[in-house]
Amino acid sequence: MTWAPGRITEAWTETPGTRSLVIDIPHWPGHIAGQHVDVRLTAEDGYTAVRSYSIASSSTSKRLEITVDKLADGEVSPYLVDVAEVGDMVEIRGPAGGWFIWRQHAGARAGDGENMRPVQLIGGGSGIVPLMSMIRSHGDAHSAAPFRLLYSVRTPERALFRDELVRRAAEDAPLEVTWNFSRATPAGWPTPPERLDREHVMASVFAPAERAAVYVCGSTPFVETVANWLVDAGYDAADIKTERFGGVVPA
Amino acid sequence: MGLFSSGFSGRRRPDTPGLPPGQYLTESFPVLSAGPTPRVTHEEWQFTIETEDGLQHRWSWDELMALPIADVTTDIHCVTSWSKFGTGWRGVSLDTLFDGIETSAGFTMAYSYGGYTTNVPLADLMGGKAWVAFEFDGKPLEPEHGGPARLLVPHLYFWKSAKWVRGIRMMENDEPGFWEQNGYHMYGDPWREQRYW
């Protein structure tokens, strides 16, 4: 896998501190929902820095869109969120990752029949990004597979893709979205803010007997905790895929 | 050299000795796993080396603890681009575990509680290059980091250092393990940036 030049063609702020960027790459092969790319920046003197970012866009869209959360002590994310402008060049390696992925078809090709297995997505904070690619791919492809998302965020202002998730949950019949607000809720929300707990998770997800394919993405403590609850509740560990975000503090 | 990224200056620490290409230094210890963390007690823990003729050599936790234990200080390099210098481990050398085992196979598959696998050539496990490690930073290895015990093969990208390791199977031919089937390199040398296929 080699590096390809990419031009930033669109960029917009999602929430304070997060930004989505569309990157145009000649001969981009497309991606599978859940995959990531490596982004390489090069300074004037040749110094380079590389980080991985989940792809946010639908796999049907054939476009590469990443959503970047600015880490306070980060090296690449502050540049992508605050500095980079439309027209700037970065380098891209990917798409990569063959595990934390969802395909609309049971096999690798379009003729292989629909993948009707229920899908349970559980995201914490910016861990929503690869799950959003799955939701967008599912909706844009009019997949009939039952999809559920449980999304836990601190406040409504920090929720990524909130309007789009509300719209997709209304338009995409097989998609159900459940929210957990841990610090502040939207106005008129029926329950007060609370930390995500075992009861809320178990009340929101498919029953273990449904054998849903489970994808959990968020910070390491979030993923550890939620995955352990699911296993305790009778989920087969082999049905649970995890991806952990952030927490890498450069020396 | 890559493309100029307008306005990017970076942290300005090029040429850190000991840092493989494309890596950056961290002092934290990030966790990367593909699924839930298996919970394995010392009582149920076993480690097995299985040779190509089907012979199994097995150690219980107490038997492992009775073997010579090595203190290891080493740099580690994760394929997701972080490196950590001078990490401290205690464990049993694979040289000790393979002492007296007859094999002519050149490849191994390490396998773990929870189903993880990763392939490593036998030569990369021998000669003071690999351990079954059970302590990190002076404390028992935490489950998130692979406890009770993990493989430690620090000269390769860290996904080769199988967490929750429970055995090694000898193979005549090289075969891909879990991440190797899911896009990562068969060998994984950080100095040659062997990240992906």
Side-chain angles (χ1 to χ4, degrees), chain A residues 1 3 5-6 35-36 38-52 75-76 79-80 82-85 87-91 93-101 214 216 220-221 223-224 226-231 235 237-244 246-251, chain B residues 1-16 19-39 78-86 113-116 142-145 159 164 176 178-185 193-197:
Chain A
M1 217 180 285
W3 291 101
Q35 284 189 306
H36 67 270
D38 292 343
V39 177
R40 178 161 78 179
L41 306 181
T42 304
E44 226 167 332
D45 63 355
Y47 173 78
T48 60
V50 180
R51 296 293 186 279
S52 298
E75 181 172 28
V76 173
Y79 174 83
L80 293 175
D82 293 337
V83 180
E85 292 175 8
D88 283 345
M89 301 294 290
V90 296
E91 284 177 295
R93 180 172 59 192
W99 173 248
F100 198 87
I101 56 172
V214 185
V216 188
T220 288
V223 170
E224 281 291 316
V226 170
N228 285 339
W229 287 339
L230 295 172
V231 171
Y235 269 86
D239 291 340
I240 304 170
K241 299 185 179 193
T242 63
E243 186 154 284
R244 297 142 208 263
V248 184
V249 182
Chain B
M1 182 177 299
L3 290 150
F4 175 54
S5 307
S6 177
F8 175 69
S9 59
R11 282 182 199 278
R12 324 249 43 87
R13 68 177 106 73
D15 305 324
T16 306
L19 195 64
Q23 297 291 107
Y24 65 96
L25 267 184
T26 179
E27 281 170 7
S28 63
F29 192 177
V31 170
L32 259 110
S33 338
T37 297
R39 308 282 155 173
C78 178
V79 68
T80 60
S81 296
W82 58 264
S83 291
K84 189 170 165 64
F85 283 177
Y113 292 95
Y116 183 76
E142 289 176 29
E144 297 93 289
H145 289 302
W159 88 80
W164 315 297
F178 173 80
W179 282 125
E180 294 82 6
Q181 293 170 45
N182 284 290
Y184 285 173
H185 196 272
E193 268 208 278
Q194 293 173 335
R195 298 176 195 274
Y196 306 116
W197 290 339

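Lettering follows sequence order; numbering is per chain, from 1. The analysis underlying the following values was restricted to heavy atoms, covering all of them including side chains, and did not include hydrogens, waters or symmetry mates. The structure displayed is predicted, hence computed values, not measured ones.
- With rounding to the nearest 0.5 Å, the separation of OH in B:Y24 from CZ in A:R51 is 4.5 Å.
- Heavy-atom distances place the side chain of B:E193, and not its backbone, under 4.5 Å from chain A.
- In this structure, chain B has a heavy atom under 4.5 Å from the side chain of A:D38, while its backbone stays farther away.
- Without hydrogens or angle criteria, A:S52 side chain to B:T80 main chain gives no donor-acceptor distance under 3.5 Å.
- Within the 4.5 angstrom heavy-atom criterion, no atom of B:F85 approaches chain A.
- Between the side chain of A:W99 and the backbone N or O of B:W179, no donor-acceptor pair lies under 3.5 Å.
- Only the side chain of B:S81 comes within less than 4.5 Å of a heavy atom in chain A; its backbone stays farther off.
- Options A:V231, A:L230, A:N228, A:V223 differ in how many heavy-atom pairs under 4.5 Å they form with chain B, and the most are formed by A:N228.
- How far CZ of B:F8 is from CE of A:M89: 16.0 Å, rounded to the nearest 0.5 Å.
- B:G35 approaches A:R244 most closely through the heavy-atom pair O-NH2, 3.2 Å.
- With B:S6 as the fixed residue, the side chain to side chain contact (heavy atoms under 4.5 Å, CB included) test singles out one of A:L41, A:V83, A:D88: A:D88.
- Residue B:G10 comes nearest to A:Y47 through the heavy atom pair CA-CE2, 3.7 Å, listed as atom of the first residue, atom of the second, then distance.
- Contact annotation for A:A237: both backbone and side-chain heavy atoms come within less than 4.5 Å of a heavy atom of chain B.
- Options B:P38, B:G7, B:P21 differ in how many heavy-atom pairs under 4.5 Å they form with chain A, and the most are formed by B:G7.
- Using a 4.5 Å cut-off between heavy atoms, A:Y79 touches chain B through its side chain atoms alone.
- Side chains of A:T220 and B:E144: a donor-acceptor N/O pair is absent below 3.5 angstrom, by distance only.
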